[in-house]
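Just below is one structure, and these are the notes that go with it.
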Amino acid sequence: MEPVKVGLLGLGTVGGGTVKVLARSGAEIARRAGRGIKIVQASARDLKKARNCDTGGIALTTDPFAVVNNPEIQIVAELIGGDGLARELVMQAISNGKHVVTANKALIAKYGNEIFAAAQKQGVMVAFEAAVAGGIPIIKAIREGLAGNQIQWLAGIINGTGNFILTEMRDKGRDFADVLKEAQALGYAEADPTFDVEGIDAAHKLTILASIAFGIPLQFSKVYTEGITRITREDVNYATELGYRIKHLGIARRTTQGIELRVHPTLIPHRRLIANVDGVMNAVLVKGDAVGPTLFYGAGAGAEPTASAVVADLVDVTRALTTDPENRVPHLAFQPDALTDAPILGMDEVETAYYLRMQAMDQPGVLADVTRVLADLQISIEAIIQKEPSDENGGKASIIMLTHRVRERAMKQAISRIQALDAITSDVVRIRLENLGNKN
Ligand code: HSE
């Protein structure tokens, strides 16, 4: 049988990796797909630029529309990123009746609902395994492997740059800004690194995971997003002392009131496997009602790990080319007319435990005042440590506490009452804490 013809949009890190993987393993991939997969055309902004792959045998162009409008091409792989030009190209490819494979998390998180509706109408597939957690086949795992489960919650380290920064701060005592510079030099960070450190990249990925886990439309604008820029070495060290690690997590949880969608730094017990996922690695913990907790780990970025997911999608699409569009795996795991409009909970309604740190005057009764505020709001304390005044702290004592689970609204009230106490001399640092155990 003739090989299936693919057009690539973008020959950067992921595009180059895809060319390389297909060249190296083409024969084996054809044995899996039932026919060869051949890249016939590729677009790149600068054709003179040095590449990480051999583009011999591929027609090159600077015009990406030449690829999406090429009648020979059956599958377009969009690997340029962003949600401007990429969106136009993907919509054009769909309207031309081409199948699409994309690694673009921002595009799917923000415009996936319209893209899938258009694809449905045209009877074409849009595959996006590479959009979340790079090489980890987490989309396939949730959408197909866990289809017998009601997913209760998932929590993921889904931004490698953020995880690298937190790991270096903990292991080497390095400062945030210094590690970020290194992550940029190593090529992990997004073009705009605020996407990594402010949690936007993780929120894109969480939007997609929550949608396929719970059967809800993609709702990026409703994700609560907090980055890691305010995490200090001091908090990293106190967390370690208390038996926790600080990780930047994306968390989606189904509750009786609605669905939690949140990205924020989180203390997790150091004994959890996911707490030990370090450096640029990603991991996603998924709790299903039948299977219990499952953990998926691997490289979340990089040329060949991401290409691994792109090529897997090319194989999937190739295998399904001749199938009836009505009987394919639905884009968002659930049939499009069976998505629910379960409400997304505002952060005030979310229940979680907390780590609190504050500075206080070294005088009698301060701790009693703080604990009284918490008791009045029915907030139970799990652990408390007080550090003696030091010169570093301007002669102030540090109080560090862990609380039991409480609604965020009550915690906000507690923090503003604590900050109003005369003896408290700093803002209260608060970091959410999740046990991620079998029960919660
Ligand atoms: N900037 C992303 C990360 C790349 O650091 O995880 C992969 O999406």
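All ligand and atom numbering here is 1-based and tracks the order in the structure.
Of all the atoms in ligand 1, the ones that sit under 4.0 Å from a non-hydrogen atom of Lys205 are 2 (C), 6 (O), 7 (C), 8 (O). Counting atoms of ligand 1 from 1 in the listed order, those under 4.0 Å from a heavy atom of Asp196 are 1 (N), 2 (C), 3 (C), 5 (O). Applying the 4.0 Å criterion to heavy atoms of Ala301 picks out, from ligand 1, the atoms 4 (C), 7 (C).
Counting heavy atoms closer than 4.0 Å to ligand 1, residue Asn282 contributes nothing at all.
Taking the six-membered ring for Trp and thresholds of 30 and 60 degrees, Phe116 and His331 have nearly parallel ring planes, at less than 30 degrees apart.
In this structure, the side chains of Pro193 and Thr161 stay at 4.5 Å or more apart for every pair of heavy atoms.
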Dump the intermediate steps for salt bridge (charged side-chain N to carboxylate O under 4.0 Å, His left out) on Glu72 and Lys98, then the final yes or no. CA-CA 10 Å; Glu72 210 196 358; Lys98 298 186 192 310; over 6 Å; no
From CA spacing to verdict: side chain to side chain contact (heavy atoms under 4.5 Å, CB included), Leu285, Arg272: CA-CA 10 Å; Leu285 182 55; Arg272 298 267 178 266; 5.5 Å; no
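Taking atom 6 (O) of ligand 1 as the reference point, the nearest protein heavy-atom neighbour is Gly160 N, 2.8 Å. Nearest protein heavy-atom neighbour of atom 2 (C) of ligand 1: Glu190 OE2, 3.1 Å. Here the protein heavy atom with the shortest distance to atom 5 (O) of ligand 1 is Thr161 OG1, 2.7 Å. Protein heavy atom at the shortest distance from atom 8 (O) of ligand 1 is Lys105 NZ, 2.6 Å.
A donor-acceptor contact closer than 3.5 angstrom links the side chains of Asp235 and Thr232.
Residue pairs satisfying the side chain to side chain donor-acceptor pair (under 3.5 Å) criterion with at least one member in residues 35-50, sequence neighbours excluded, are listed as follows: Gln41-Asn70.
Pro325 meets the side-chain contact (heavy atoms from CB on, under 4.5 Å) test with Arg328; sequence neighbours excluded.
Judged by the shortest distance from any of its heavy atoms, Gly300 lies inside the 4.0 Å radius around the atoms of ligand 1.
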